[in-house]
Number of protein chains: 2
Amino acid sequence: MDVKALCLGVLAKGPATGYEIKKLIQDGPYQHFIEASFGSIYPSLSRLAAEGLIEARTEPLEGRPDKKIYSLTPQGREAFRSILSRDPPEDKFRSGFLFQMMFADALGPEEKTAKIEGKLAEYRARHARMVEKRTSQPLSEGELFCLGFGESLVTAAIAYLDSHARRSAAPAPSPAPARRVRAGTAR
Amino acid sequence: MDVKALCLGVLAKGPATGYEIKKLIQDGPYQHFIEASFGSIYPSLSRLAAEGLIEARTEPLEGRPDKKIYSLTPQGREAFRSILSRDPPEDKFRSGFLFQMMFADALGPEEKTAKIEGKLAEYRARHARMVEKRTSQPLSEGELFCLGFGESLVTAAIAYLDSHARRSAAPAPSPAPARRVRAGTAR
DNA sequence: TGTTTCATGTAAACCGTTACATGATTCA
DNA sequence: TGAATCATGTAACGGTTTACATGAAACA
C-alpha cells in the first residue's frame with residue numbers, strides 16, 4: 001500500500017493537512033504498520049489533488065506556509081473504496097535481526113545472546129506502547145483489529161525470543177557441515 | 001538489509017553464482033524473510049566485486065553466458081562480519097491486509113469476513129510451507145532459529161484471524177463517532 | 001537561549017522492480 | 001511442441017528517503 005492510498009485512507013476519516021497526516025502515521029494508531037516521510041506525503045497529496053481525488057481548502061497563516069486542509073472528493077471516495085476491495089499484496093515481515101541470526105554462526109555466542117536480549121527489550125517496549133495505545137483512547141473497530149493483530153504477533157515474538165535467549169548460551173550441537181542447496185527453480 | 005548484504009551472507013556460506021543466489025532466496029530457507037530479483041542481484045554482485053569484497057571465477061559455457069562463480073575475499077568476510085555486529089534496523093511488518101482492515105468500516109461485513117478468511121488460508125498455506133522446509137532437510141542453527149521465529153508469528157496470526165473470522169459477522173457495537181487525533185509531534 | 005512545534009515544499013540520491021534481450025538444452 | 005531450466009545483464013521506471021530551504025511562536 002503506497003503513500004497515496006495511505007493519504008486517501010486518512011482523509012476518508014476526515015479532513016487533514018499533510019502535516020497532520022504525518023503526525024497520525026507516526027504517533028497515531030497507524031504507527032506500527034506504516035511509515036512515510038514528508039518527502040512522499042506532500043507530493044502524493046499534490047498528485048491526488050491533480051487527479052481530482054482530493055481537494056484543498058487553503059487557510060492563510062502568518063510567518064509560515066499556508067495551511068492546506070485536504071478532503072476527499074466523491075471520486076476520491078470511490079477510488080478508495082476500489083482500493084479497499086482489491087486483493088491486497090502479500091504481507092511481508094522484514095527483519096534485519098533475523099538476517100543477522102541467519103548467519104549468526106559467524107558471531108560469538110555471547111554476542112548472539114546479547115542481540116537476542118536487545119531485540120527482546122525492543123519488542124517488550126513495543127508491546128507496552130501498543131497496550132498503551134489500545135487502552136488510553138477510544139479506537140474504531142478497524143484500529144482495534146489492527147492493534148490486536150499486532151499485539152498477537154509481538155507477544156509471540158517475545159515468547160519465542162525469551163525461550164531462546166537462555167538456550168543460545170549453550171554450544172551448537174553439531175559443527176554444521178558445508179552445504180549447497182539444491183532447491184527448485186529461479187524465475 | 002539490502003541486496004548487497006544478502007549476497008555477502010549467501011557467499012559467506014559458500015561460493016555461488018547470481019542465478020543460484022536467486023534460487024536460494026526464493027526457494028531456500030530465506031524465502032519467508034527476504035526477496036530480491038535478478039535486476040538487483042546482478043548489479044549488487046558487480047559492485048561488490050568492484051569494491052573487492054567478492055571475486056569471480058569464470059567458467060565458460062556454450063550457448064549461454066559464462067558462469068561467474070563468486071566467493072568472498074578476506075575483505076568481504078571482514079565487511080560481512082561488521083554488518084553482522086552492527087545494530088540491525090527495526091523489524092517491520094508491512095501488511096496491505098491490515099491496511100484494508102484499518103478502514104474496513106467502508107466495506108460490507110460479508111466482504112470483510114471474506115477478506116479475513118482469504119488471509120487465513122494464505123497464512124495456513126505459509127505455515128505448511130514452513131513446516132515442510134523445517135522437516136524436509138537438515139538446517140543450520142541460524143536457519144532453524146529463523147524458521148522457528150517465523151512459525152511462531154504465523155501461528156499467532158492464524159489464531160488471531162481464526163478467532164475474528166467468526167466474530168466479525170456481528171454488527172459493530174457503536175457507530176464510531178468522527179474523531180480527530182491529538183497525537184505527539186511530527187519530525 | 002535553545003529546542004520543539006507548526007507548516008509546506010523541492011532536489012538529489014538511492015534502491016529496487018519489471019520488462020527486455022539472448023539462446024541452447026532438457027523435460028512433459 | 002511448448003514450457004521450464006540454466007545463465008547474465010541492461011534500461012526504464014517508480015517510489016521513497018534524506019537533506020535542504022524558510023521562518024514565526026511557544027516552551028523550557
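Convention: sequence-line order gives letters A, B, ...; per-chain numbering from 1.
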Check your understanding: Counting only side-chain N and O atoms of A:Thr17, is one of them less than 4.0 Å from OP1 or OP2 of C:dC6?
Key -> no
Check your understanding: Do the side chains of B:Val154 and B:Leu144 join up, straight or via other hydrophobic residues, at under 4.5 Å, putting them in one cluster?
Key -> yes
Check your understanding: Passes ring pair (Phe, Tyr, Trp, His ring centres under 6.0 Å), A:Phe33 versus B:Phe97? Steps please.
Key -> CA-CA 11 Å; A:Phe33 315 107; B:Phe97 165 70; over 10 Å; no
Point to revise | Length of the line joining A:Lys22:NZ and C:dT4:C1', which is rounded to integer Å | key: 14 Å
Practice item. Using a heavy-atom cut-off of under 4.0 Å over every strand shown, decide if B:Gly18 touches base, sugar-phosphate, or nothing. Key: sugar-phosphate
Practice item. Whole angstrom is fine here: how far is it from CG in B:Leu24 over to C1' in D:dT5? Key: 16 Å
Exercise for review: Measure the distance from CZ on B:Arg94 to P on D:dG15 and round it to the nearest whole Å.
Suggested key: 17 Å
**Study point:** Nearest-angstrom distance from the residue atom CZ of B:Arg64 to C1' of D:dT5
**Key:** 8 Å
Revision key, fill the gap. A:Tyr19 has its side chain closest, among D:dT16, C:dA7, D:dT8, to C:dA7
Check your understanding: Would a distance-only check, ignoring hydrogens and angles, find a side-chain to backbone donor-acceptor pair under 3.5 Å from B:Arg134 to B:Gly148?
Key -> no
Exercise for review: Map A:Ile41 and B:Lys68 onto DNA chain D by nearest heavy atom, then report which one ends up closer to the 5' terminus.
Suggested key: B:Lys68
Exercise for review: For the pair B:Glu20 (side chain) and B:Thr17 (backbone), establish whether a donor and an acceptor sit closer than 3.5 Å, ignoring hydrogens and angles.
Suggested key: yes
Exercise for review: Rounded to the nearest angstrom, tell me the gap between atom CD in B:Gln26 and atom C1' in D:dA4.
Suggested key: 13 Å
Review point. Under 4.0 Å between a side-chain N/O of A:Tyr42 and OP1 or OP2 of C:dT8, yes or no?
Key: yes
Practice item. Report the nucleotide, chosen from D:dT10, D:dG9, C:dT5, that has the shortest atom-to-atom distance to any side-chain atom of B:Pro43. Key: D:dT10
Check your understanding: According to a 4.5 Å side-chain heavy-atom criterion applied to Ile, Leu, Val, Met, Phe, Trp and Tyr, with indirect links allowed, do A:Leu107 and B:Leu72 form part of one hydrophobic cluster?
Key -> yes
Check your understanding: Choosing from D:dT8, D:dG15, C:dA7, which nucleotide comes nearest the side chain of A:Asp2?
Key -> D:dG15
Practice item. Calculate the interatomic distance between A:Leu61 atom CG and D:dT22 atom C1'; express it in whole Å. Key: 14 Å
Check your understanding: Atom NZ of B:Lys67 to atom P of D:dT5: distance rounded to whole Å?
Key -> 16 Å
Review point. Does B:Ser40 make a side-chain N or O approach to OP1 or OP2 of C:dT17 shorter than 4.0 Å?
Key: yes
Practice item. Please state how far atom CD in B:Glu35 lies from atom P in C:dT18, giving the value in whole angstrom units. Key: 8 Å
Check your understanding: Looking only at side-chain N and O atoms, does B:Ser37 come under 4.0 Å of OP1 or OP2 in C:dT17?
Key -> yes
